[in-house]
Number of protein chains: 2
Amino acid sequence: MARVECGYAHPDEETVSLEAIFHALSDPYRLRIVRTLAASAVPMNCGDLSFGRPKSSMSHHFRILRASGVLHTASHGVEHMNSLRREMLDRRFPGLMAAVLGEIGHATTTEASARPLTPA
Amino acid sequence: MARVECGYAHPDEETVSLEAIFHALSDPYRLRIVRTLAASAVPMNCGDLSFGRPKSSMSHHFRILRASGVLHTASHGVEHMNSLRREMLDRRFPGLMAAVLGEIGHATTTEASARPLTPA
DNA sequence: GGATTTGTTCTACTTTTATCGAACAAACGA
DNA sequence: TCGTTTGTTCGATAAAAGTAGAACAAATCC
């Protein structure tokens, strides 16, 4: 399980758990990363998803998102490109990401993304 | 905000956040409470949702579920009856609970509810 | 009134998370 | 090769969360 790909370990589809995904998405920065990635047509590097926070802090968040199965990271040259594992997530937990991203109704972006996300 | 009802404070629909819900659902016991409630046609008291764990521990979990907006508690005599705030959740985050409960696809119950949930 | 049931609150303890500077590693480019 | 860029790992610290016994409160029954 958890095959290594491009230097990063990503959990296999069968081992991805709802709990881990919920924990991953329960942090404001991580949720913001996911939403930003979802809105992007192409993978994004870590720096562009760091929102001005320290690299070490964000690296921690990327690791949790990766370990939960939510995102995939691949090294391309000097930068590490991130993307949502959307197809896998849709297979494993149909409707979940759509609900998270507010693709069904209209409410989703209201609360969390309207928040300032001030450093602390 | 957060009007008191039957002795318990429940957040109003507008103040319910996705992050808080995710945090609430990131604990195995809390997820189990939610699934058990969803499977029940009628509200259930805390004891029946405690899975043999200490009352004080479970009371803590009920509080978090309540504060996140996931469930509603009402005193009926000596016992406190819990139910999912399903209609509100469906309005606020369409598709979310359906995905959590696996009502769309077939995968959901695989990981978490197959887990033994041994005390520690 | 006194005992019972149901669940909360208090308090203490332990574990897990989050944060972030500093050192490190890999991939380029000049 | 040296310096730059990008991101990880290490280590320390602080904040948050989970656990559970004990005392407490409210409703109910005798």
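Every chain is numbered from 1 and lettered A, B, ... according to where its sequence line falls, protein lines coming before strand lines.
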Whole-Å distance, B:Leu31 CG to D:dG18 P, equals 13 Å
_Less than 4.5 Å apart, side chain to side chain, heavy atoms only: is that true for B:Glu19 and A:Leu31?_
yes
Taken to the nearest whole Å, CZ/A:Phe62 to C1'/D:dT9 is 16 Å
A:Met44 CE to D:dG7 P, in whole Å, measures 11 Å
Margin query: Show, in sequence, the C-alpha distance, side-chain angles and deciding distance for B:His61 and B:Arg30, and conclude whether the side chain to side chain donor-acceptor pair (under 3.5 Å) test is met.
Written below: CA-CA 6 Å; B:His61 290 307; B:Arg30 294 197 291 258; 3.1 Å; yes
Atom CG of A:Asp48 and atom C1' of D:dT5 are separated, to the nearest Å, by 13 Å
Paired with A:Leu96, the side chain to side chain contact (heavy atoms under 4.5 Å, CB included) test is passed by just one of A:Leu25, A:Asp90, A:Leu18, namely A:Leu18
| Within less than 4.0 Å of OP1 or OP2 of D:dG18, is there a side-chain N or O belonging to B:Ser57? | no
For B:His80, the ring-ring contact (aromatic ring centres under 6.0 Å, His included) test, sequence neighbours excluded, returns B:Tyr8
In whole angstroms, the gap separating C1' of D:dG7 from CE of A:Met81 amounts to 13 Å
* Does D:dA20 have OP1 or OP2 sitting under 4.0 Å from an N or O in the side chain of B:Ser56? -> no
Between A:Ser17 and A:Phe93 the two heavy atoms that sit nearest each other are C-CZ, 4.1 Å
message = In this structure, would A:Leu101 and A:Leu89 fall into the same cluster of hydrophobic residues linked by side-chain contacts under 4.5 Å?
response = yes
Of the listed C:dT19, C:dC20, D:dG7, the closest approach to the A:Tyr29 side chain comes from C:dT19
Please list each protein N or O that sits under 3.5 Å from an N or O in nucleotides 24-30 of chain D, with the distance.
none

When rounded to whole Å, the CG to C1' distance for the pair B:Asn45 and C:dT6 reads 8 Å
Counting only side-chain N and O atoms of A:Tyr8, is one of them less than 4.0 Å from OP1 or OP2 of D:dG7?
no
Taken in chain and number order and not counting sequence neighbours, the residues that satisfy ring-ring contact (aromatic ring centres under 6.0 Å, His included) with A:Phe22 are B:Phe22
Any protein N or O atoms within reach of nucleotides 13-18 of chain C? Criterion: under 3.5 Å, listing atom names and distances.
{"from": "C:dA18", "atom 1": "OP1", "to": "A:Arg30", "atom 2": "NH1", "distance (Å)": "3.3"}
{"from": "C:dA18", "atom 1": "OP1", "to": "A:Arg30", "atom 2": "NH2", "distance (Å)": "2.9"}
{"from": "C:dA18", "atom 1": "OP2", "to": "A:Arg30", "atom 2": "NH1", "distance (Å)": "3.3"}
{"from": "C:dA18", "atom 1": "OP2", "to": "A:His60", "atom 2": "NE2", "distance (Å)": "3.0"}

Rounded to whole Å, CE of A:Met58 lies from P of D:dT8 at a distance of 11 Å
Ranking D:dT6, C:dT8, D:dT19 by distance to the side chain of A:Glu79, first place goes to D:dT6
Does a nitrogen or oxygen in the side chain of A:Arg53 sit under 4.0 Å from OP1 or OP2 of C:dC20? yes
Hits for salt bridge (charged side-chain N to carboxylate O under 4.0 Å, His left out) against A:Asp48, two or more places apart or cross-chain, chain-then-number order -> none
Between CG of B:Leu25 and P of D:dG18 the distance, given in whole Å, is 12 Å
Next on the checklist: Just checking B:Arg86: does its CZ atom have more than 12 heavy atoms from other residues, nucleotides or ligands closer to it than 6.0 angstrom?
Outcome noted: yes
Across all chains, not counting sequence neighbours, the side-chain contact (heavy atoms from CB on, under 4.5 Å) partners of B:Thr36 are B:Arg32, B:Met44, B:Leu49, B:Phe51
Exercise for review: Report yes if at least one side-chain N or O of B:Arg63 is closer than 4.0 Å to OP1 or OP2 of C:dT8; otherwise report no.
Suggested key: no
